[in-house]
Amino acid sequence: MTHRMILFVIFGLMAGMFLSALDQTIVGTAIRTIGDDLHGLSQQAWVTTAYLITSTISTPIYGKLSDIFGRRPLFIFAIVVFIIGSILASFSTSMLELAAFRAIQGLGAGGLMSMPLAIMGDILAPRERAKYQGYFLAVFGISSLLGPLIGGLFAGADQILGIDGWRWVFLINVPIGIFALAIVLRFLHIPRHPRHSVRIDWFGAAFVITALVPLLLVAEQGREWGWGSPISLLCYAIGAIGIVAFIVTEIRMKDDALIPLKLFRSPTFSMATVIGVFVGFGMFGAMLTIPLYLQLVLGSTPTESGLQMLPMILGLMIASIGSGQIIARTGRYRMFPILGTALMTVAFWWLTHLQYNGSYWFMAGAMLLLGLGLGQLMQTLTIASQNSVGLRDMGVATSASTFFRQIGGTLGTAVLLSLMFAVMPANIQTSFADEDTLTSALDAAFDPDVANDPANAEIMDKIYTPIVSGITGATTAQVQAGLSEATDAAVQAVAEQVADGTIPASAQEAATTAAVAQAQAAATEKIQQQVPVARVAEDGTVTLDFSDPEQRAAFVASVVPTIQDQFAEGDDDSATDDSAINDTSFLLGADPALTKPMLVAFNASAVTVYWVAMWVVLVAFILSLFFRTPPLRDKSALQEAVDDQAALEAQRAANEMGALVEPNASHTEELAVVGVGGPPQTRREARAAREAAERDSAEP
């Protein structure tokens, strides 16, 4: 295929991949608005899980079926299914209904993400493939930038053309999908290779579903269900049975298996797969936690956080294009997995030094390194897997590589997000136990101007009002008790004096009134010294006034040790309940002093996640040192198939005609062919003659 023909094919493939990549970023931005409108925000995990399960499971199935029936029809089928799922999702009336329609979208997305890579493996030699795959990473970069912008626009609009704004998040896929379908139908024409098998591994597909669905469910819902709950244990058991049954089935199906186990006989494929799992773990974990960090800690909007991811996208594209050019020229790629995993390790180590009040540019540096690492890994591992197999297994090898990377990404998403929210309560307790943090937060919470600010209403209700009410109630009761004690003592003293005859009975009432007033005055003076914010009315009613900054500061300093002890011992859980962790919208626009304890806790939780990601990627780096990388082939899979077929035909012709030179199928360049009306020529001589004739005919 000429360069121009290849570009047309790539254009069609990019249109399909853009459809899937854009959908993920748009939905992620608008999911909160969708959940609120459908009255099911707490069920949004099912929307994500349904899409993830079907897209992951369908990936190897697409690969196997495309090896049998061809890539083009399967890619067209994936686009059509995705469009249908998008249309259905736009009519959702509940979150569970949306989850079902997102599952249909996922069935199409599995093909949209794996088929383009398999088609690239067909039409391009491994050395040339790296040069073109930068285009595909550009699709992810553009979708990462446009997705949050478009999603925020749709989610923020009440109606567009009489339709709820968020429904356009799915409807926008329809014109894009139709355009992609038209491009594919017009330009995606690749030679068909003969069907080599008609057996479809239906049992393998059934068992991979049996194995993965319960495990993905428990990965997504385990924190809510409980990792040791009966339903989680049941999922573990079903998943384990499914894995064993799948392996047994694949052994029996041999070459017709959904994921032929013979692929793992290749050290290159096996190592690329294992490294891909670890890289996927770190990549997906980072891509989910970094935008969350930008929005919560740095206070960015979803749209802004999408734009702030630009350093990672830029690094990814630079590294991808640069490594692709080097691979195309040299045919060597061993250094890229090593350098890529090393850069990712350094990037995660960099992220472990985040501070809650740090600058965006510190994080941007880590994102740039992360992108530079990923850019050298994503295409290299796929190329290595494809280079280790022939045309017969190109589709299944490509989809298997994508499949295992998605499995790693699913594990990374589930484990890292679960870890983040699991350590969050303890980090919140630790944050509130810090004297400086707690002092500044309580001083702001007791300030009437801050407490009554509408922007702080939600955070006061969720976090500080229970604390403030408890402190003021206890203080007021204590002061009131002191006054009552002084009053009772004064009344008792007058009564005793009346009994002794010191005070006449007729003067008891007047003496009592005077004694009570004197006692309350003395008690009030003492109270003012001990509790500067206390105010005692003439009728003995006690109130607290926090309007004076100095008096408020003195009062806060007196109560901080007690509150510190409560948080340190875990007695106060008002700031760590599920409502404060699951819905963090109350942090937006709130006073910095009030949000500081939560942000410090989230920063500490994110750092824990990045430590885990760093160690996982470090394992991938160590494995990459032992990665055997044979030289890349110079021919595409389709060209090899054509050459092999020509060799067989030449061999057959030689046998029939009794050729003097017996062709060797393993050296197709030296095959003898019989010329018509001329002496025998080698294939190389025939090609040189044709090129010379073409040059002569081109000359005027």
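All of these numbers come straight from a predicted model, not from anything done at the bench. Every heavy atom of this structure was used, including side-chain atoms; hydrogens, water molecules and symmetry mates were not.
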Checklist outcome for this item: Residues passing the side-chain hydrogen bond (donor to acceptor under 3.5 Å, both in side chains) test with Q376, sequence neighbours excluded, are none
Item to check | Heavy-atom check, side chain of Q105 versus side chain of N173, under 4.5 Å | outcome: yes
Item to check | Over 12 foreign heavy atoms within 6.0 Å of CZ, F11 | outcome: no
Item to check | Parallel, tilted or perpendicular: ring planes of F269 versus F264, cut at 30 and 60 degrees | outcome: perpendicular
Checklist entry - Rounded to the nearest 0.5 Å, how far apart are CE of M14 and CG of L19? => result 13.5 Å
Checklist entry - With sequence neighbours excluded, what pairs up with S232 under the side-chain hydrogen bond (donor to acceptor under 3.5 Å, both in side chains) test? => result S229
Item to check | pair V279-V617: side-chain heavy atoms closer than 4.5 Å | outcome: no
Checklist entry - Passes side chain to side chain contact (heavy atoms under 4.5 Å, CB included), I104 versus L88? Steps please. => result CA-CA 9 Å; I104 296 176; L88 293 174; 3.7 Å; yes
Next on the checklist: Per the salt bridge (Lys or Arg N to Asp or Glu O under 4.0 Å) rule, what does the pair list look like for residues 315-328, sequence neighbours excluded?
Outcome noted: none
Item to check | Contacts of T268 that satisfy side-chain hydrogen bond (donor to acceptor under 3.5 Å, both in side chains) - sequence neighbours left out | outcome: none
Next on the checklist: Could you tell me if the side chain of F348 sits less than 4.5 Å from the side chain of L370, heavy atoms only?
Outcome noted: yes
Next on the checklist: Applying side-chain hydrogen bond (donor to acceptor under 3.5 Å, both in side chains), can you list everything that pairs with T59, at least two apart in sequence or on another chain?
Outcome noted: Q406
Checklist entry - Mind checking whether I243 and F207 have side chains closer than 4.5 Å, heavy atoms only? => result no
Next on the checklist: Whether the side chain of S94 engages the backbone of E97 through a donor-acceptor N/O pair (distance < 3.5 Å, no angle test) should be reported.
Outcome noted: yes
Checklist entry - So, the side chain of R102 versus the backbone of Y51: is there a donor-acceptor pair under 3.5 Å, distance only? => result no
Checklist entry - Taking side chain as C-beta onward, heavy atoms only, is F77 less than 4.5 Å from M115? => result no
Checklist entry - Can you list the residues that meet the ring pair (Phe, Tyr, Trp, His ring centres under 6.0 Å) rule with F101, with sequence neighbours excluded? => result none
